[in-house]
Amino acid sequence: MDATTIELVVNIIKWGSLGLLILLVVILFFAGLIGWKRGIFNAGFRLLFIGILIIVALTTVRPMVEFIGGRDMGPLLRLFGMDGVTINIGSNSATIQVTSIFETLSNLLIALGEANGITVTSEQVGPVIHGLVYLILSTFVVIMDGILISSLGNLAATILWHALFKHLISKRVRKAVRVKGVAALMGATQTLVVGAMLIFPFSALINNVTAAFKNEDNGITIDNEMINTVTTIVDAYEDSVLANVLFNWTDNSSGQSWDVMLMDSLTSADVNGLKVSFIDEIYNIVGIGKTLVSAGILSEEGIASIGQTLLTNQEMVTSLLSSIGNSGLVLMILPIAVDLALNLDVVKQYVGDDLIDISDVDWKHEINNIGEMYKAVQETGLFDDLFDEEGNPTLDADALKKIFELDTYSGIMNIFQSIDDSKLLSRAIPAVAFTMYDILKNNPDTEAYAAFLPSAWEDYTAIRWGSELGIVYDALFRL
């Protein structure tokens, strides 16, 4: 995007926001005139009715989502001749009976897993599907609430007022008590809250993306053409009169404006003790995108050298891991993915059944621990020797010797310490070691070697593997 185009976009944002704000003031002015003409009783009833509608809409988002997601759609679809969904995977096919959205999608995922030789249980996929569907349906319900209230709310209020409520107050009192100034304020307020209900799901998305991009702790920012262009556009919006009048002054300590806070509370779900939020996921996606663009990964040259970048760009990798660790969606899916991986035949060759307990693993800590391990290796400079000057991978004896040099000693020892800090690794290593022992023991050619190893599973779990490996490395280092 050239400088002229950027300037045009900035001017559109600047003057467009001013125009929208002027339009809003004009609309509120005429809404106030209508309220002034109606009088306090009519305007007050309409404001109260719309207020009740909005409160009911906002407080029933979760029940509505549960109702829609749990409603059996089978009878409705059978009216159109549909009884199920058939999926084809290679030469195999499976038919899924359509029931509720939650159950149908869970069964679909289970069928897809079985078609690919992966056993998935409803207990594993149920909470994940429920959380994902809630994110989508809750956003849909909030948007539809705004559309229905803005299009039909005033009509319903008019019908109720003329059909019932105006008859509860005598015509003489209604004509005598007008309080037109207050009525005008009520009319304008009604229009304002209806407009806010209609636009806040969309403004929340814009303001959330803007805040995510501006936050220096959310991803990394390195000057390049695309980042500078986006920064210019974001700054233009942040400085616009519309953003400052309607949103910026309501920012909380986390930088969330009122619409973002409201949308976050309405579209977040608790899945197995983890908060999964549409707002949070968009925030993390922006941070990841900002990091990838800053590092040049999304360019043609960047994709070609992605391996080298991932191994040598410490700031980028730690930022990506941080964003991934902050994603409730990732933390929700990760234990299921690991559990499925442990049940694959190729993995079972090295890890026996039920040897690794992941039920109490703190996955965010595990992701952060991987970052610490990467940082420790990167600081040793070992990754620098894996590529030549042209970026081609290379590995020679000199690179291996560097492992035992003084400059790399502390980094390698930090890796072993990180193993003991990780529940997953400190359980995976003894599981692999015990499985290898079992293989040696049951093979006549290697049975003699098994006699030198511990025979009880408890002996393997009692070892602090990080510390023991550190002692071995230290001994080799001092040779």
Side-chain angles (χ1 to χ4, degrees), residues 56-89 92-148 201 204-205 262-285 326-343 358-359 361 363:
V56 170
L58 295 179
T59 55
T60 57
V61 169
R62 190 174 298 276
M64 281 297 296
V65 171
E66 296 296 337
F67 174 79
I68 296 172
R71 185 74 173 176
D72 187 359
M73 300 182 298
L76 177 62
L77 293 179
R78 280 192 285 272
L79 295 176
F80 299 93
M82 296 178 61
D83 191 38
V85 177
T86 301
I87 56 173
N88 297 310
I89 304 175
N92 300 320
S93 65
T95 299
I96 308 300
Q97 294 297 318
V98 177
T99 54
S100 68
I101 295 177
F102 294 138
E103 187 175 352
T104 302
L105 291 178
S106 296
N107 292 336
L108 178 61
L109 192 57
I110 292 172
L112 288 173
E114 291 177 348
N116 289 280
I118 302 174
T119 302
V120 188
T121 65
S122 57
E123 289 77 13
Q124 289 175 316
V125 302
V128 175
I129 292 297
H130 195 282
L132 291 174
V133 171
Y134 182 86
L135 293 185
I136 297 171
L137 282 184
S138 60
T139 304
F140 172 78
V141 168
V142 170
I143 293 173
M144 289 305 301
D145 282 343
I147 294 174
L148 291 174
L205 178 61
L262 181 57
M263 196 66 179
D264 184 45
S265 66
L266 295 175
T267 61
S268 60
D270 184 276
V271 180
N272 295 333
L274 290 172
K275 178 192 175 186
V276 182
S277 167
F278 175 76
I279 292 295
D280 289 345
E281 296 309 318
I282 294 295
Y283 197 93
N284 287 321
I285 289 172
N326 289 329
S327 171
L329 192 59
V330 171
L331 297 179
M332 177 179 67
I333 295 175
L334 194 55
I336 299 174
V338 172
D339 192 34
L340 293 178
L342 292 175
N343 286 287
I358 62 172
S359 60
V361 172
W363 294 100

Please output the side-chain donor-acceptor pairs of residues 128-137 that fall under 3.5 Å, not counting sequence neighbours, one pair per line with the distance.
| unit_1 | atom_1 | unit_2 | atom_2 | d |
| --- | --- | --- | --- | --- |
| His130 | NE2 | Glu66 | OE1 | 3.1 |
| His130 | NE2 | Glu66 | OE2 | 3.4 |
| Tyr134 | OH | Arg62 | NH2 | 3.4 |
| Tyr134 | OH | Leu266 | O | 3.1 |

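- One finds the CG atom of Asp264 at 5.0 Å from the CG atom of Asp280 (value rounded to the nearest 0.5 Å).
- When every heavy atom of Ser106 is checked against every heavy atom of Gly126, the shortest pair comes out as OG-CA, 4.0 Å.
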Which atom pairs, donor and acceptor, lie under 3.5 Å between side-chain atoms of residues 327-336 and protein residues at least two apart or in another chain?
| unit_1 | atom_1 | unit_2 | atom_2 | d |
| --- | --- | --- | --- | --- |
| Ser327 | OG | Glu281 | OE1 | 2.7 |
| Ser327 | OG | Glu281 | OE2 | 3.4 |
| Ser327 | OG | Leu329 | N | 3.4 |
| Ser327 | OG | Val330 | N | 3.2 |

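- Remark: Asp145 pairs with no residue by the salt bridge (charged side-chain N to carboxylate O under 4.0 Å, His left out) rule, at least two apart or across chains.
- Gln97 is not listed as a side-chain neighbour of Asn107, based on a closest heavy-atom distance of 4.5 Å or more.
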Let's go through Ile358 and Trp363 carefully: what are the C-alpha distance in whole Å and the side-chain angles of both, what is the deciding distance for side chain to side chain contact (heavy atoms under 4.5 Å, CB included) to 0.1 Å, and is it a yes or a no?
CA-CA 9 Å; Ile358 62 172; Trp363 294 100; 4.0 Å; yes
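- Between the side chain of Thr104 and the main chain of Ile101, no donor-acceptor pair closer than 3.5 Å is present.
- In terms of heavy-atom proximity, Ala204 sits nearest to Met263 at CB-CB, 3.8 Å.
- Across all non-hydrogen atoms, the minimal contact from Val142 to Pro201 is CG1-CG, 3.6 Å.
- Heavy-atom minimum distance, Ser277 versus Ser268: CB-CB, 3.8 Å.
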Do Asp72 and Glu103 pass the side chain to side chain contact (heavy atoms under 4.5 Å, CB included) test, and can you show the C-alpha distance, the side-chain angles, and the key distance before you say yes or no?
CA-CA 9 Å; Asp72 187 359; Glu103 187 175 352; over 6 Å; no
